[in-house]
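Worth saying up front: this structure is predicted, and the values here are computed from it rather than measured.
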Amino acid sequence: RAISAVDMFYEQLHPNMPVAVYNGSAVYDMDKREFLSCTYLDKDAKELIELIDKNFKEFVYAVYTDTETCFGDKNKWYDMYFHVTNNETICVKPYWEADKDWFKIVFVSSEEEILDVRKCLENSGLDDKYDFIQSGEAFFEALPKGASKGNAIRKIREMSKHKIDKVVAIGDSENDISSITYADIGVAVANAMDTVKEAADYVTVSNNEHAVKAVIEYLEKNLENTGE
């Protein structure tokens with residue numbers, strides 16, 4: 001998520017650790033309001049947007065910088081994305097006007113068409129420069145090479161002044177697999193993608209049934225029994 005979309009959770013939870021943002025492209029200190037680690041897309045990343053624009057009509061792209069989420073058009077996919085992400089920094093302007101460094105590009109379309117967008121990008125021969133990942137049924141992302149939630153969590157763990165005995169990661173989409181496999185305990189929600197469930201140590205309730213609460217209760221019970 002963008003920093004503005006993390007804010008509402010920060011205000012409720014006040015985490016005592018930095019957070020991974022932009023799908024792991026950066027690590028951010030919410031208290032100090034500063035980046036601790038950043039990985040940006042190659043300057044040629046516009047070629048991805050141009051490729052999809054050439055081959056597809058029903059989609060919208062979003063370019064993420066540290067201050068803006070720039071949508072190329074305001075259409076039904078824009079409205080859906082705004083509703084899902086609660087991102088307050090969304091603006092509508094072409095990618096060539098997004099002149100700050102790019103953390104990631106998100107392509108949004110129908111569930112059926114996003115699969116074709118995925119095939120197009122994965123078969124483009126550009127996977128040596130970018131990582132491609134699905135972050136929702138209708139969302140497909142281009143990230144800097146090596147950027148992931150798992151790598152961001154590893155960096156947070158290394159930066160911490162406190163010893164972190166166990167990392168727990170919970171997820172539902174493909175972009176969560178790296179964090180689930182890195183974590184000491186990886187959890188998939190019941191309505192997660194099958195690939196996420198396969199990567200997890202166990203499956204909890206769906207993300208519509210207070211999954212985080214269920215995981216905490218499960219860990220308290222089971223770690224207490226094992227003495228960990």
Side-chain angles (χ1 to χ4, degrees), residues 1-28 30 62 64 77 80-87 104 106-112 114-115 117-118 131-143 147-157 164-226 228:
R1 292 177 179 262
I3 293 167
S4 65
V6 175
D7 268 328
M8 67 174 184
F9 300 107
Y10 173 76
E11 292 302 322
Q12 296 177 53
L13 301 174
H14 295 285
N16 59 357
M17 300 287 285
V19 297
V21 289
Y22 307 112
N23 228 335
S25 293
V27 174
Y28 190 73
M30 297 294 292
Y64 278 68
W77 307 120
M80 180 188 73
Y81 196 73
F82 183 83
H83 175 72
V84 169
T85 63
N86 296 306
N87 187 341
K104 67 176 186 175
V106 180
F107 297 96
V108 187
S109 187
S110 66
E111 293 179 27
E112 296 76 19
I114 210 69
L115 295 177
V117 169
R118 175 177 190 147
D131 281 337
F132 302 119
I133 198 81
Q134 191 157 354
S135 56
E137 292 177 338
F139 305 148
F140 194 69
E141 305 193 9
L143 299 171
S148 69
K149 290 184 179 181
N151 281 336
I153 293 173
R154 175 184 55 78
K155 290 177 182 177
I156 292 171
R157 196 175 202 172
I164 301 175
D165 290 322
K166 290 192 182 296
V167 170
V168 181
I170 310 170
D172 65 344
S173 295
E174 188 178 69
N175 60 320
D176 298 314
I177 291 177
S178 64
S179 58
I180 285 173
T181 54
Y182 169 79
D184 301 290
I185 302 172
V187 186
V189 293
N191 55 339
M193 295 178 175
D194 288 341
T195 52
V196 181
K197 293 178 182 178
E198 291 168 6
D201 295 308
Y202 82 94
V203 178
T204 187
V205 299
S206 79
N207 56 13
N208 298 311
E209 300 173 89
H210 305 291
V212 174
K213 177 176 180 288
V215 170
I216 292 172
E217 291 174 345
Y218 172 89
L219 294 175
E220 286 179 337
K221 177 181 178 181
N222 287 274
L223 292 183
E224 187 177 273
N225 291 340
T226 60
E228 295 187 55

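- A donor-acceptor contact shorter than 3.5 Å links the side chain of N191 to the backbone of N207.
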Intermediate values then yes/no, side-chain contact (heavy atoms from CB on, under 4.5 Å), V187 and D201: CA-CA 6 Å; V187 186; D201 295 308; over 6 Å; no
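- Within the model, atoms CG of L13 and CE of M30 stand 10.5 Å from one another, a figure rounded to the nearest 0.5 Å.
- Residues M193 and Q134 are in side-chain contact: their nearest non-hydrogen atoms beyond the backbone lie under 4.5 Å apart.
- The closest donor-acceptor contact from the side chain of N151 to the backbone of A147 lies at 3.5 Å or more, if one exists at all.
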F139 and S109: side-chain contact (heavy atoms from CB on, under 4.5 Å), yes or no, with the steps? CA-CA 7 Å; F139 305 148; S109 187; over 6 Å; no
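- For the pair S173 (side chain) and N175 (backbone), a donor-acceptor distance under 3.5 Å is absent.
- Counted within 6.0 Å of CD on E209, heavy atoms from surrounding residues, nucleotides or ligands total more than 12; the atom is thus considered enclosed.
- Electrostatic pairing of K221 and E217 does not count as a salt bridge here, judged by no charged N lying under 4.0 Å from a carboxylate O.
- With contacts defined as side-chain heavy-atom distances shorter than 4.5 Å, the pair D172/V196 does not qualify.
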Please walk me through it: do V189 and V203 pass side-chain contact (heavy atoms from CB on, under 4.5 Å)? CA-CA 6 Å; V189 293; V203 178; over 6 Å; no
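- With respect to D184 and R157, a salt bridge is recorded, a charged nitrogen being found less than 4.0 Å from a carboxylate O.
- Relative to the six-membered ring of Y22, K104 misses at least one condition, a distance below 6.0 Å or an angle of at most 45° to the axis.
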Please lay out, stage by stage, how Y182 and R154 fare under the test side-chain contact (heavy atoms from CB on, under 4.5 Å). CA-CA 8 Å; Y182 169 79; R154 175 184 55 78; 3.8 Å; yes
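- Of the possible donor and acceptor atoms, one in the side chain of S178 sits under 3.5 Å from a partner among the backbone N and O of G150.
- We find the CD1-NZ distance between I180 and K197 to be 11.5 Å, quoted to the nearest 0.5 Å.
- Looking at every heavy atom in both residues, V205 comes nearest to A211 through CG2-CA, 3.7 Å.
- In this structure, the side chains of N23 and R1 stay at 4.5 Å or more apart for every pair of heavy atoms.
- Using a 4.5 Å cut-off on side-chain heavy atoms (C-beta onward), E137 and I114 make no contact.
- F140 is not listed as a side-chain neighbour of S135, based on a closest heavy-atom distance of 4.5 Å or more.
- V27 is not listed as a side-chain neighbour of V19, based on a closest heavy-atom distance of 4.5 Å or more.
- Residues I153 and S179 share a closest heavy-atom pair of CD1-CB, 3.5 Å.
- Nearest heavy atom pair, residue Y64 against residue A2, reads CE2-CB, 3.9 Å.
- Y28 contributes atom OH, which lies 10.0 Å from atom OH of Y10 (distance to the nearest 0.5 angstrom).
- Using a 4.5 Å heavy-atom threshold, the side chains of D131 and S148 count as separate.
- Within the model, atoms CG of L143 and NZ of K149 stand 10.5 Å from one another, a figure rounded to the nearest 0.5 Å.
- Separation of atoms CD1 (I170) and OG1 (T204) is listed at 7.5 Å; rounding is to 0.5 Å.
- E141 and R118 are not joined by a salt bridge, as no carboxylate oxygen comes within less than 4.0 angstrom of a charged side-chain nitrogen.
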Determine, stepwise, if the pair Y202 / Y218 fulfils ring-ring contact (aromatic ring centres under 6.0 Å, His included). CA-CA 11 Å; Y202 82 94; Y218 172 89; 4.1 Å; yes
